[in-house]
Chemist: 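This structure is in structure tokens; I'll ask about it shortly.
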There are 2 protein chains.
Amino acid sequence: MPIHDPSWSAYAHAVLEDAGHRRGGARDEVIDLLAAQPCAVSAHDIEGALRQRGRPIGRASIYRALDTLAEHGLVKRLDLGRSEACYEPARSDGHHHHHVVCEMCGTLTAFDDPDLEDAIDRLGDRLGMRIDDHDVLLRGVCRNCGGPGPR
Amino acid sequence: MPIHDPSWSAYAHAVLEDAGHRRGGARDEVIDLLAAQPCAVSAHDIEGALRQRGRPIGRASIYRALDTLAEHGLVKRLDLGRSEACYEPARSDGHHHHHVVCEMCGTLTAFDDPDLEDAIDRLGDRLGMRIDDHDVLLRGVCRNCGGPGPR
DNA sequence: GCAAGACTAAGACTCAGTCTCATTACGCCC
DNA sequence: GGGCGTAATGAGACTGAGTCTTAGTCTTGC
């Protein structure tokens with residue numbers, strides 16, 4: 001999981017420009033912040049982080065930026081069963097992952113698993129549907145909170 | 001998918017009684033309504049349906065009833081990416097299923113898949129976590145809306 | 001530099017879900 | 001059956017995430 005992904009932010013800017021979007025300070029800040037996230041963040045996290053950076057951005061602008069990004073497949077919206085949605089950059093190589101939430105401490109961990117992806121791919125045929133997208137969310141207990149050890 | 005599942009409602013009543021809960025009209029109505037649902041319904045659906053039945057129930061009571069049921073593992077709460085959560089009875093035999101949402105018409109379809117369950121079971125070991133629960137949500141296009149045919 | 005219109009900020013608004021508290025009624029004891 | 005303790009209920013105020021509106025600002029093409 002990259003801590004900062006300048007390639008994603010450059011890619012995002014390029015896609016938006018191609019789509020005829022002008023640049024705007026608020027959206028650029030959101031893209032910048034997202035590129036620096038190790039995992040998913042909520043709109044309110046973004047609002048708070050930008051305020052801390054001394055660049056307070058209107059809430060509507062944040063949601064608008066996230067909408068625009070999601071529209072172009074640049075961010076992925078996640079419902080983690082909390083009251084608020086979380087957002088994370090979607091890499092341009094199509095690679096994607098899923099999440100485990102620790103029910104004790106709330107930690108969010110990303111993982112990927114080819115078997116799982118295969119099983120889901122096969123499902124489209126079985127169900128007679130075109131499957132465009134899927135979410136998988138696991139809930140459990142992490143090592144720190146008493147999950148199985150030793151490592 | 002049973003249209004009405006009297007065994008679930010009886011089971012739910014029994015579990016709640018064992019847990020020391022008294023019976024109450026509001027919760028009984030919610031249990032009754034849930035038992036009759038083919039798939040997940042939202043709290044507002046429940047509120048509306050009970051009002052239509054001429055048995056209007058306070059919103060707080062509905063959420064309280066759903067909370068109590070979820071606490072005892074009798075209903076499952078689903079986030080379908082809509083603004084509101086949905087709830088469905090959890091069968092006592094531990095059998096569970098997942099959902100596909102059609103992005104065109106919004107239809108919710110249930111399915112189960114042993115391969116998928118196996119893949120998820122194996123993940124706990126791989127991740128070194130105890131996995132207690134999981135949600136899978138597929139998004140796609142159903143047959144009626146132009147998904148793959150022929151039937 | 002200018003104009004068009006895309007972008008932004010502030011905050012009012014909506015709506016799902018929670019909380020409070022007065023009232024009702026279940027279930028046990030006598 | 002009547003009384004009592006307490007869980008369950010209902011009404012509606014409240015909270016907080018997300019949306020909408022509107023006036024103003026900034027980009028960009030000319």
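Note on naming: letters A, B, ... go to the chains in the order of the sequence lines (proteins, then strands), and numbering restarts at 1 for each one.
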Chemist: Give a yes or no answer on whether the side chain of D118(B) reaches the backbone of D115(B) with a donor-acceptor pair at less than 3.5 Å.
Modeler: no
Chemist: According to a strict under-4.0 Å criterion, is H21(A) in side-chain N/O contact with OP1 or OP2 of dC7(C)?
Modeler: yes
Chemist: Nearest to the side chain of R22(A), heavy atoms from C-beta on, is which of dA9(C), dA17(D), dA4(C)?
Modeler: dA4(C)
Chemist: Between R59(A) (CZ) and dA17(D) (C1'), how many Å, whole number?
Modeler: 7 Å
Chemist: Round to the nearest Å and state the distance from L16(B) atom CG to dG27(C) atom C1'.
Modeler: 16 Å
Chemist: OP1 or OP2 of dA17(D) less than 4.0 angstrom from a side-chain nitrogen or oxygen of H44(A), does that happen here?
Modeler: yes
Chemist: Quick one, which residues of residues 62-77 of chain B touch DNA chain D with a heavy atom under 4.0 Å?
Modeler: R64(B)
Chemist: Nearest to the side chain of A60(A) - dG11(C), dG10(D), dT28(D)?
Modeler: dG11(C)
Chemist: Is it true that a side-chain atom of W8(B) and a backbone atom of L74(B) form a donor plus acceptor pair closer than 3.5 Å?
Modeler: yes
Chemist: Both G24(B) and G58(A) contact DNA chain C. Which one's nearest nucleotide lies toward the 5' end?
Modeler: G58(A)
Chemist: R82(B) CZ to dG18(D) P: how many Å, rounded?
Modeler: 17 Å
Chemist: Give a yes or no on whether the backbone of R22(B) and the side-chain of R27(B) come within a donor-acceptor separation of less than 3.5 Å.
Modeler: yes
Chemist: What does R55(A) touch in the nucleic acid at a heavy-atom separation under 4.0 angstrom: a base, only the sugar-phosphate, or nothing?
Modeler: sugar-phosphate
Chemist: Checking the side chain of D18(B) only, and the main-chain atoms of V15(B) only, is there a donor and an acceptor separated by less than 3.5 Å?
Modeler: no
Chemist: Over how many whole Å does the gap from R27(A) atom CZ to dT25(D) atom C1' extend?
Modeler: 15 Å
Chemist: Check this for me, if you would: do D113(A) and R122(B) make a salt bridge, where the nitrogen-to-carboxylate-oxygen distance has to be below 4.0 angstrom?
Modeler: no
Chemist: In whole Å, what is the span from the CD1 atom of I57(B) to the C1' atom of dA25(C)?
Modeler: 14 Å
Chemist: Can you sort out the partners of D67(A) under side chain to side chain donor-acceptor pair (under 3.5 Å), two or more places apart, ordered by chain and number?
Modeler: none
Chemist: Starting at atom CD of E47(A), determine the distance to atom C1' of dG11(C), rounded to an integer number of angstrom.
Modeler: 12 Å
Chemist: Would you indicate what G25(B) reaches in the nucleic acid, counting non-hydrogen atoms under 4.0 angstrom: base, sugar-phosphate, or nothing?
Modeler: sugar-phosphate
Chemist: Do E117(B) and H98(B) meet the criterion of a side-chain donor-acceptor pair at a distance under 3.5 Å?
Modeler: yes
Chemist: Nearest whole angstrom, please: distance from the C1' of dG18(D) to the CD of E84(B).
Modeler: 14 Å
Chemist: Please report, rounded to the nearest Å, how far the C1' atom of dA17(D) is from the CG atom of D45(A).
Modeler: 13 Å
Chemist: Would you tell me if any nitrogen or oxygen in the side chain of S83(A) comes within less than 4.0 Å of OP1 or OP2 on dA17(D)?
Modeler: no
